[in-house]
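This report concerns only the one structure given below.
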Amino acid sequence: MMITVHENLPPKGGDKSNLQTVYGKLQSELLEDLKNYNIPTKHNSMRTKQLWNWTFLGGVKEFSEIKNMPKELLNELSKKYTFTRDSITMEQESSDGTIKWLIDLASKNNSTNNQIETVFIPEKNRGTLCISSQIGCTLNCSFCHTGTQKLVRNLTADEIVSQLLIAKDRLDDWHRNNPNNIRKITNVVLMGMGEPLYNFDNVKKALLIMTDCDGLAFSKRRVTLSTSGIVPFIERVGNEIGVSLAVSLHATNDEVRDILVPINKKYPIRELINACENYPRLKNSSKITFEYVMLKDVNDSLTDAKALIKLLRNIPAKINLIPFNPWPGSNYICSDMEQIKKFSAVINNAGLSAPIRKPRGQDILAACGQLKSETLRLRDKK
Ligand code: SAH
Ligand code: SF4
């Protein structure tokens, strides 16, 4: 397979630690802050909108690129704010067009391990950006590569938004260069590194910024938060963020799920299903997606397929069957394709949709559950 490693990376961004990023603020926060500057009160809201537009439609990286705001104000703002993104340290493109960025985050705890991965998956009629919410993960799901990496820390809201801006920069996906508004990134999924619901406040803020209709304006249906099932937060996702929900179910009984997704010992299947049955959705909103990794002889019997149908009978659900993506040192084998197809057919026959997810970017370890900071991966090899 052909892997391209791109070398024309943008120069490393300046240090943003002493400044605040414009894109890490809610519009309401910027409005509030702009009141502290020398602006006629009646212009506050207009100036906030302008700043917001340049940030999220124009994709500007410098205050000097902004044309329709007073120079003195821009000068003042530049003392407190920046548009600097986090730095890309590697860009790899898979033979199937999937692109993976390794992003270096400013160290907040003197750790050398401050890298995350963001993946772009182009498809015929859409482009999905898979973003991370934590460096590492605390949850140790036994089939997941990220789970073998200890949690380093939660990402801040601006580090979550920054991943989207970086991808838009690299794909030249800014509105100002593309007046017909044909976007390359049409969907965002929180399916990279980390458990988003263990970083609820920052994830919430980042998603509210991405879905603000004056800016990036992602429809809430096109943004999906995937969780391993942190039950107490599920209702809050619906009420406070309102994006689509995906739940990593992976098993139909507690005995197996306790091993695959150990957080199940704290929030067992029945509690998780109850929370999903009560998930507050917008009217006619989309279904809940249940992710189900196909592991040979572990969770792939047709009895499991039938149990799944029964479990989800009261939920408007779609099941995503994910062929297991192996990684160095993993203890599982992917189910045979024949078996996955039979499993899918049983579910389809019951009237539920159960598409088989096509693995993408496997050659660059960008597929589900293969992400792990490159530094650690290299260390493991030694
Ligand atoms: N922590 C969140 C989101 C990130 S993982 C969660 O667990 O939902 C995104 C999806 O990839 C999850 O459904 C996860 O279970 C799945 N996954 C993890 N490792 C995998 C692997 N090796 N092969 C296939 N899917 C995997
Ligand atoms: Fe964490 Fe999700 Fe991987 Fe489990 S599957 S270890 S929750 S990233």
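Start at 1 and go down the list; that is how both ligands and their atoms are numbered.
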Could you tell me, atom by atom, which parts of ligand 1 come under 4.0 Å of a heavy atom of [X]?
{"X": "C144", "value": "18 (C), 19 (N)"}
{"X": "I322", "value": "24 (C), 25 (N)"}
{"X": "W327", "value": "22 (N)"}
{"X": "G192", "value": "4 (C)"}
{"X": "G194", "value": "1 (N), 2 (C), 3 (C), 4 (C)"}
{"X": "H250", "value": "13 (O), 14 (C), 15 (O)"}
{"X": "T227", "value": "6 (C), 8 (O)"}
{"X": "E195", "value": "1 (N), 2 (C)"}

Worksheet item: Under 30°, 30 to 60°, or over 60°: which ring-plane class applies to Y332 and F143, parallel, tilted or perpendicular?
Response: perpendicular
Discussion item. Can you classify the ring geometry of F120 versus W101 as parallel (below 30°), tilted (30 to 60°) or perpendicular (above 60°)?
Written reply: tilted
Assess whether atom [atom1] of [X] is packed by more than 12 heavy atoms of other residues, nucleotides or ligands within 6.0 Å.
{"X": "R236", "atom1": "CZ", "value": "yes"}
{"X": "N68", "atom1": "CG", "value": "yes"}
{"X": "E235", "atom1": "CD", "value": "no"}

Worksheet item: Minimum heavy-atom separation for I347 to I309, with atom names?
Response: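 So the minimum-distance heavy-atom pair works out to CA-CD1, 4.0 Å.
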[Y] and [X], any side-chain heavy atoms less than 4.5 Å apart:
{"X": "D212", "Y": "F56", "value": "no"}
{"X": "I230", "Y": "Y267", "value": "yes"}
{"X": "M191", "Y": "T224", "value": "yes"}

Discussion item. Assess the residue pair K266 and E271 against the criterion (salt bridge (Lys or Arg N to Asp or Glu O under 4.0 Å)); give the C-alpha distance rounded to whole Å, side-chain angles, the decisive distance to 0.1 Å, and a yes or no.
Written reply: CA-CA 10 Å; K266 192 159 178 197; E271 285 182 29; over 6 Å; no
Discussion item. Only heavy atoms of S228, strictly under 4.0 Å: list the atoms of ligand 2 that pass.
Written reply: 7 (S)
Practice prompt. Any atoms of ligand 2 less than 4.0 Å from a non-hydrogen atom of L139? List them with their elements.
Written response: 7 (S)
Worksheet item: Looking at atom 4 (Fe) of ligand 2, is one of the N, O or S atoms of C141 less than 2.8 Å from it?
Response: yes
Pick one of side chain, backbone, both or neither for how [X] approaches ligand 1, counting any non-hydrogen atom pair under 4.0 Å.
{"X": "F143", "value": "both"}
{"X": "N325", "value": "both"}
{"X": "M191", "value": "both"}
{"X": "H145", "value": "neither"}

Worksheet item: Is the shortest distance from a heavy atom of S133 to ligand 1 less than 4.0 Å?
Response: no
Practice prompt. Run the salt-bridge test on R85 and D169 with the 4.0 Å N-O cut-off and return the result as yes or no.
Written response: yes
Discussion item. Nearest non-hydrogen contact with atom 13 (O) of ligand 1 belongs to which option: C141, C334, P326, S248?
Written reply: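 Shortest heavy-atom distance from atom 13 (O) of ligand 1: S248.
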Discussion item. Quiz question: by atom type and distance under 3.5 Å, do the side chains of T227 and E195 form a donor-acceptor pair?
Written reply: yes
Discussion item. Please check whether F324 reaches ligand 1 - meaning an N/O of the residue sits under 3.5 Å from an N/O of the ligand, judged on distance alone.
Written reply: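 No, since none of the N or O atoms of F324 sits under 3.5 Å from an N or O of ligand 1.
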Discussion item. Restricting to N/O/S atoms, is C137 within less than 2.8 Å of atom 1 (Fe) of ligand 2 or not?
Written reply: yes
